[in-house]
Trainee: 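One structure, pasted below without further comment.
As a basis for the values below, the full set of heavy atoms in this structure was taken, side chains included, without hydrogen atoms, waters or symmetry mates. Letters A, B, ... mirror the listed sequences (proteins, then strands); counts begin at 1.
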Amino acid sequence: MARYAPAEIEPKWQAAWDEAGAFAATADPARPKYYVLEMFPYPSGRIHIGHVRNYTMGDVVARYKRAQGFNVLHPMGWDAFGMPAENAAMASGGHPKDWTYGNIADMRGQMKPLGLSIDWSREFATCDPEYYGQQQALFLDFLEKGLVYRKAAVVNWDPVDMTVLANEQVIDGKGWRSGAAVERRELVQWFFRISDYSEELLEALETLDDWPAKVKTMQANWIGKSRGLQFSFSLVDGIEGHDRVEVYTTRPDTLLGASFVAVSPDHPLARSLERHDDGIAAFNAECRRMGTSEEELETAEKKGHDTGLRVRHPFDTSWELPVWIANFILMDYGTGAIFGCPAHDQRDLDFARKYDLPVISTFAPLEDDGQPLAEDGGPAFVPPKSERVIYIRGFAGETEQTGEEAVEAAIRFCEENGVGRGVTKYRLRDWGLSRQRYWGCPIPVVHCDDCGVVPEKKENLPVLLPYDEDGTPIDFSVPGNPLDRHPSWAHTDCPACGKRARRETDTMDTFVDSSWYYARFTAPHAETPTDPEEAAYWMNVDQYIGGIEHAILHLLYSRFFARAMHICGHLPEKSKEPFEALFTQGMVTHAIYQTRDAEGRPVYHFPEEVETRDGTTVLKETGAPVEIVASAKMSKSKKNVVDPVSIIAAFGADTVRWFVLSDSPPERDVEWTASGAEAAHKHLARVHRIVAEIAGLPDEAGQPEEDEALLREMHKTIHDVTQGVESFGFNAAIARLYAFTATLSKSAAGGGAKRQAAAALAQLMSPMTPHLSEELWALLGREGLVIDAPWPEADETMLVEDTVTLPVQVNGKRRAEITVPRDLGKEDVEKAALATDAVAKALEGAAPRKVIVVPGRIVNVVV
RNA sequence: GCCCAAGUGGCGGAAUGGUAGACGCAGGGGAUUCAAAAUCCCCCGGCUUCGGCCGUGCGAGUUCGAGUCUCGCCUUGGGCACCA
């Protein structure tokens with residue numbers, strides 16, 4: 001009998017699928033469509049096991065839906081612009097384009113052997129001029145509709161390398177290459193008006209029924225809708241251009257506990273003051289040496305500087321509050337200025353204690369919990385807004401209210417007294433898309449001395465990145481934007497007046513590229529961004545799958561982009577939400593193997609350099625003992641990466657697919673272990689052996705009860721596996737298939753029933769192990785390809801048993817078990833339970849107070 | 001710091017509020033074999049006076065019943081707007 005030989009059968013069946021053109025998707029309005037998409041990869045050079053897991057999950061869904069009769073679209077492409085290509089060019093010469101396309105070729109070569117049911121004819125990379133040219137067309141449409149604008153914004157500036165740094169490139173406030181202290185610098189940049197859609201993007205989350213709740217919560221918090229009071233304090237002694245300070249607060253109920261006003265170092269008032277006050281200038285300069293990330297601002301030590309200015313409290317003009325500049329106030333949120341109420345905000349309290357500012361409580365707990373109030377040295381009292389508290393200094397005198405009621409009452413009171421107005425604000429900021437880098441999509445506008453900013457004409461698209469025009473190769477050896485210093489590229493004619501003018505040298509954020517690729521897959525070679533007919537048929541993405549790390553930015557940007565594309569006529573109304581269902585998967589982790597060098601620094605080793613001898617882990621080469629450090633996300637620098645290519649070579653693609661699905665729930669991180677892969681391979685070989693044996697049996701009936709038992713088990717397995725695949729419970733579905741394989745191998749049923757069960761097994765496994773399933777299908781003498789066989793359906797009547805075994809608890813502890821007819825009445829179940837010796841013994845003669853019978857589930861006797 | 005998750009045997013994990021540990025790995029024992037590989041079978045949370053008792057990160061709570069729900073912690077992971 002032939003042994004399981006994946007190296008032979010996998011290429012054979014892949015060729016068969018190719019020959020049948022099985023995965024090429026063609027729109028067919030007569031058939032229901034299903035669009036499966038995995039977040040496309042960045043072409044870093046090698047696929048790793050995390051990619052394999054992502055694409056295998058998508059492939060299971062795609063193959064399952066195909067078996068259910070859907071016209072499936074399952075494409076693949078490359079998120080190909082971005083910094084690593086430029087960094088590679090800087091580090092080792094060459095051109096980002098060559099590096100990127102080389103990587104794509106390598107990775108495609110590594111992915112093909114996995115046997116994914118991908119329509120490769122739709123493949124594209126975002127760095128293809130055909131793609132980014134259409135992206136430029138989209139940009140021009142957005143510009144026309146007023147969805148893009150320019151404004152000044154701060155960036156990280158490396159004063160030595162004279163270049164803009166990404167947050168990732170700022171390490172401890174210093175440039176990663178130069179080591180120079182990073183400065184904040186203002187540049188005029190392009191922005192998408194995503195904040196205009198805050199309310200819509202927030203409200204529409206409720207319609208996303210098949211998105212994980214956690215992702216919707218994260219997006220809602222990110223959008224950050226808040227209700228508050230906006231008003232201004234008047235300065236006791238105004239300065240040039242400033243006689244008031246406008247503030248926004250979500251806690252106007254604490255206004256009578258205000259103790260100071262604080263503004264951002266980037267606030268116009270702070271900027272005015274620094275011109276004439278060296279102390280303020282020095283403080284602001286220090287603040288600006290911090291990075292631009294919110295994380296850095298929020299975790300930095302809270303510092304302030306007293307401006308010496310005073311403001312009047314709006315409800316008591318004799319009450320004066322100091323104005324401080326504080327490093328933790330964000331200019332981007334609210335008005336860039338706040339009032340501090342230390343009694344009810346821990347950060348304000350820390351600030352007040354540090355700078356000896358007053359602490360005044362406005363409310364207190366209903367019942368004394370023994371905790372002193374903040375003004376008596378206790379912590380800030382910050383109850384949930386829904387909690388009732390007693391107001392000491394409220395707008396309605398001493399009353400009991402929830403925070404929510406008090407906030408609304410405060411807003412009403414302030415509005416009635418002409419102090420500000422109630423407003424709704426969002427934390428979401430507009431999306432800055434300008435990048436001062438080469439390897440991105442050029443922004444298709446021209447700067448003309450006479451006409452200003454002029455959009456490029458659509459017929460001149462794409463605005464191509466220069467490669468080596470005039471024999472001038474792009475120079476990446478010096479930092480900065482090569483487009484900026486290119487001798488000729490930026491020189492062009494103004495599309496409006498024809499005068500000599502200069503191209504925009506900024507390129508687009510790579511998030512732009514990934515915000516519409518899903519739409520482009522529906523017509524990857526259309527001469528407009530989308531083809532309306534194709535988009536109408538294929539959109540939306542029915543199942544989107546990717547890493548949880550994209551829960552906010554990528555998905556929010558894509559949701560905005562789809563709306564913008566709809567406004568410009570590139571997507572239908574229904575595609576304002578482009579992803580019907582979302583699944584977020586966990587990462588693949590691996591233990592880190594390390595030894596120490598002479599100085600005690602860790603030296604990392606690849607898993608294949610390590611082996612276990614007599615229970616200790618050692619280096620293969622030297623036998624030196626190896627430390628095993630806790631499992632972590634696979635990364636090249638820690639060498640804890642496993643190359644799927646070598647495992648496919650050793651065990652076959654089906655083994656890799658089976659293992660990545662079986663070992664862990666898909667939403668959770670998975671630890672890769674070689675022994676697991678080996679075990680998966682053994683199991684597939686076992687299935688092959690069992691089915692091959694069954695294939696040789698005569699097609700005849702066996703003992704009726706044996707046949708029925710096997711077929712019952714088959715139908716239960718069909719039911720459970722279908723449920724598992726539907727709900728992304730791949731690991732549970734596979735556990736069920738293990739159990740069914742064991743049942744099948746032990747069954748004494750006749751050849752007919754066994755062949756039927758074996759065929760069902762092959763089908764149920766086919767989304768996970770498509771090659772093996774084709775082989776088994778053929779072995780069993782079935783017609784055609786298993787991918788063309790309709791998904792099996794469970795016979796409901798075969799799922800229910802006549803009797804049911806119930807655990808019997810006494811006071812919640814399991815004491816006995818009874819087997820009763822499935823539809824036995826509650827009273828009879830109760831009698832049967834009480835009749836058991838174990839229950840009688842546990843009761844010790846006491847009479848049961850209550851007996852709870854959950855039909856088909858459990859009996860609990862309460863004493 | 002803020003937002004969102006996760007935490008169950010030696011390990012990966014299973015469990016619509018209803019028998020905790022399915023299934024798999026590792027380990028132990030056995031069968032087969034001249035021997036091995038391969039394969040097959042059995043055992044496998046801890047304690048136990050063998051009656052049971054204790055066990056799902058920690059501490060409270062709700063419930064007839066909590067891994068699951070609520071509150072408060074701890075730890076780990078993801079995100080924090082120029083990493084992709």
Trainee: Roughly, in whole Å, what's the span from CG in A:Asp348 to P in B:G1?
Mentor: 16 Å
Trainee: Rounding to an integer number of Å, can you tell me how far A:Glu667 CD sits from B:C4 C1'?
Mentor: 15 Å
Trainee: How many Å lie between CZ on A:Arg184 and C1' on B:C82, as a whole number?
Mentor: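 My rounded result for the distance is 14 Å.
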Trainee: Starting from C1' on B:C25, measure out to CH2 on A:Trp658 and report it in whole angstrom.
Mentor: 15 Å
Trainee: Would you please confirm or rule out a distance under 4.0 Å between OP1 or OP2 of B:G13 and any side-chain N or O of A:Ser664?
Mentor: yes
Trainee: Tell which nucleotide pairs with B:C80, taking only Watson-Crick or G-U wobble pairs whose two distances are both under 3.5 angstrom.
Mentor: B:G1
Trainee: Would A:Arg184 count as a cation-pi partner of A:Trp157, with NZ or CZ less than 6.0 Å from the six-membered ring centre and within 45° of the ring normal?
Mentor: no
Trainee: Any side-chain N or O of A:Asn167 below 4.0 angstrom from OP1/OP2 of B:A81?
Mentor: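 Checking B:A81 against A:Asn167, a side-chain N or O does come within under 4.0 Å of OP1 or OP2.
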Trainee: Both distances under 3.5 Å, Watson-Crick or G-U wobble: report the partner of B:G7, or none.
Mentor: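 Paired with B:G7, as far as the under-3.5 Å criterion goes, is B:C74.
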Trainee: For B:C54, does OP1 or OP2 lie under 4.0 Å from any side-chain N or O of A:Lys813?
Mentor: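 For B:C54, OP1/OP2 do have a side-chain N/O of A:Lys813 under 4.0 Å.
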Trainee: Between A:Ile852 and A:Val859, is any pair of side-chain heavy atoms under 4.5 Å apart?
Mentor: no
Trainee: Please give the nucleotide sitting opposite B:U39 as a Watson-Crick or G-U wobble pair, both distances under 3.5 Å, or none.
Mentor: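 By the stated definition (distances under 3.5 Å), B:A31 pairs with B:U39.
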Trainee: Please state whether the base of B:C25 and the side chain of A:Glu678 form at least one donor-acceptor pair under 3.5 Å?
Mentor: no
Trainee: Who does B:G51 pair with, Watson-Crick or G-U, both distances under 3.5 Å?
Mentor: none
Trainee: Of A:Glu295 and A:Pro41, whose closest RNA chain B nucleotide lies nearer the 5' terminus?
Mentor: A:Glu295
Trainee: Which nucleotide, if any, forms a Watson-Crick or G-U wobble pair with B:A26, using both distances under 3.5 Å?
Mentor: none
Trainee: Would you kindly compare A:Gly812 and A:Leu187 by the position of their nearest RNA chain B nucleotide and give the one closer to the 5′ end?
Mentor: A:Gly812
Trainee: Rounded to the nearest Å, what distance is computed from the CD atom of residue A:Gln219 to the P atom of nucleotide B:A5?
Mentor: 14 Å
Trainee: Please report, rounded to the nearest Å, how far the C1' atom of B:G13 is from the CZ atom of A:Arg668.
Mentor: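 Going from A:Arg668 (CZ) to B:G13 (C1'), I get 7 Å.
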Trainee: Establish, yes or no, whether a centroid distance under 6.0 Å links the rings of A:Tyr517 and A:Phe40.
Mentor: yes
Trainee: Quick one: A:His554 NE2 to B:G78 P, roughly how many Å, whole number?
Mentor: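 Atom NE2 in A:His554 sits about 19 Å away from atom P in B:G78.
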Trainee: Would you mind telling me which of B:A84, B:C82, B:C4 lies closest to the side-chain atoms of A:Pro84?
Mentor: B:A84
Trainee: CD of A:Glu549 versus P of B:A84: gap in Å, rounded?
Mentor: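 After rounding, the gap between these two atoms is 13 Å.
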Trainee: With a non-hydrogen cut-off below 4.0 angstrom, is A:Glu296 in contact with a base, only sugar-phosphate, or nothing?
Mentor: nothing
Trainee: At under 4.0 Å between heavy atoms, what does A:Lys216 touch on the DNA or RNA strands: base, sugar-phosphate, or nothing?
Mentor: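 Answer is nothing: A:Lys216 stays at 4.0 Å or more from every strand.
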